[in-house]
There are 2 protein chains.
Amino acid sequence: MPVYLNQDDALAIWRDALSASVRSDGPDLSSRQMAILMTVYTQPPPHTVRGLSDSLNISKPAISRALDRLGQLGFVRRRRDDYDRRSVQVQRTVKGAVFLSEFADLVSDAGRELESPTPFEAGTPAEQLLSDEEF
Amino acid sequence: MPVYLNQDDALAIWRDALSASVRSDGPDLSSRQMAILMTVYTQPPPHTVRGLSDSLNISKPAISRALDRLGQLGFVRRRRDDYDRRSVQVQRTVKGAVFLSEFADLVSDAGRELESPTPFEAGTPAEQLLSDEEF
DNA sequence: TCAGGTCGTTTCGGAAGCGAAACCGACTTT
DNA sequence: AAAGTCGGTTTCGCTTCCGAAACGACCTGA
């Protein structure tokens with residue numbers, strides 16, 4: 001079921017989770033690598049290079065390299081497709097599942113720790129983001 | 001007030017927003033750059049290089065370079081502190097506020113479009129993430 | 001005033017990412 | 001079976017990012 005987030009909450013959650021992730025000493029994946037990883041783990045298989053390339057609008061070589069990196073981290077595995085041996089299927093691993101699970105916890109925590117911080121202010125969202133900028 | 005997200009929802013929101021962001025043709029910021037930008041815009045000023053470095057656990061040169069990049073995108077501005085002229089204050093801009101505002105919309109949209117997709121499965125979250133892995 | 005600390009930037013060498021294009025093995029078409 | 005197509009990887013030249021260390025400007029305390 002839907003979750004309704006206003007801009008402030010959306011940004012606060014993203015900031016907190018992202019900051020925690022950046023601050024941590026875990027491997028820092030690029031946005032693309034993270035998007036690929038999450039797609040592989042939360043969308044129905046099979047996942048191919050071509051499919052990921054199309055669905056994320058990323059060039060094939062970039063996908064291939066990202067899989068190298070994710071593979072060497074142990075977050076993903078390649079397996080040749082036996083029915084079409086040109087094709088490669090990207091498979092999940094325990095290590096990748098654990099990593100994503102912990103990341104999901106960061107996001108959940110960020111949401112749970114939201115205090116209602118919005119002390120009523122007027123203006124459009126973008127204006128609020130700028131409320132204390134000096135020009 | 002808190003927002004309670006289970007792991008599936010947290011991952012789905014993050015994946016959708018991140019994928020949309022990756023797919024788009026906007027500038028792709030690194031995680032660190034994004035974390036810096038969000039900190040500057042959602043935390044009370046002033047923001048200094050040192051402060052960002054400490055709070056995000058990122059080296060000072062990396063902060064400095066990230067500010068170069070964010071500055072050349074017009075998302076942030078540097079201003080010398082008049083009381084301590086060694087120090088630099090990182091300031092917000094309209095362009096940065098618009099960028100973040102649009103990004104927040106991506107996140108909100110991802111939350112709003114959550115269908116309850118969890119067709120009841122047993123096991124720990126990490127096990128669910130692996131439910132269709134073959135070993 | 002000046003020695004030492006602080007703040008931010010720059011330099012340095014190196015690691016990692018990128019798209020375009022070439023490439024290779026594997027299907028498919030004729 | 002030859003030609004063409006398709007999926008994925010590799011190569012190429014380039015850009016971007018990294019931390020450590022050096023640096024210049026500035027502040028502070030004796």
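So you know, we letter chains A, B, ... as the sequences are listed, proteins then strands, and number each from 1. Side chains included, hydrogens not; waters and symmetry mates left out as well; all remaining heavy atoms used.
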| Parallel, tilted or perpendicular: which fits the ring planes of A:W14 and B:F103, with parallel below 30° and perpendicular above 60°? | perpendicular
| field | B:R79 CZ to C:dG8 C1', straight-line distance once rounded to whole Å | value | 17 Å
| query | Under 4.5 Å between any side-chain heavy atoms of B:S31 and A:D28, yes or no? | reply | no
| How close or far is atom P of C:dC18 from atom CZ of A:R69, stated in whole angstroms? | 12 Å
| note | Interatomic distance, CG@B:L106 vs CG@B:D16, rounded to 0.5 Å, equals 10.0 Å
| message | Can you give me the first and the last nucleotide of DNA chain D (5' to 3') that has an atom within less than 4.0 angstrom of a non-hydrogen atom in chain B? | response | D:dC17 to D:dC27
| What parts of residues 15-38 of chain A reach DNA chain C, counting only heavy atoms under 4.0 Å away? | A:R32, A:Q33
| query | Quick one: which of A:R80, A:R85, A:R79 gives a salt bridge (Lys or Arg N to Asp or Glu O under 4.0 Å) with A:D82? | reply | A:R85
| task | Establish, from distance only, whether the side-chain atoms of B:R15 and A:T42 form a donor-acceptor pair under 3.5 Å. | result | yes
| message | Any non-hydrogen side-chain atom of A:R69 less than 4.5 Å from a side-chain atom of A:S30? | response | no
| request: In whole angstrom, give the distance that lies between atom CD1 of B:I58 and atom C1' of C:dG8. | output: 16 Å
| query | Please give, in whole Å, the distance from C:dG19 P to A:L56 CG? | reply | 12 Å
| field | By salt bridge (charged side-chain N to carboxylate O under 4.0 Å, His left out) - contacts of B:R112 (at least two apart) | value | B:D109
| Selection residues 42-62 of chain B - residue pairs positive for salt bridge (charged side-chain N to carboxylate O under 4.0 Å, His left out), sequence neighbours left out | B:R50-B:D54
| Non-neighbouring partners of A:D68 that pass salt bridge (charged side-chain N to carboxylate O under 4.0 Å, His left out), sequence neighbours left out | A:R78
| field | A:V22-B:M34 co-clustered via ILVMFWY side chain contacts under 4.5 Å | value | yes
| request: Report the residue (A:A66 or B:R80) whose heavy-atom-nearest nucleotide on DNA chain C is the more 5′ of the two. | output: B:R80
| request: Going 5' to 3' through nucleotides 20-30 of chain C, assign each nucleotide B (protein heavy atom under 4.0 Å from a base atom), S (under 4.0 Å only from sugar-phosphate atoms) or - (no protein heavy atom that close). | output: BB---BBS---
| Donor-acceptor pair, side chain of A:T48 and main chain of A:Q89, under 3.5 angstrom | no
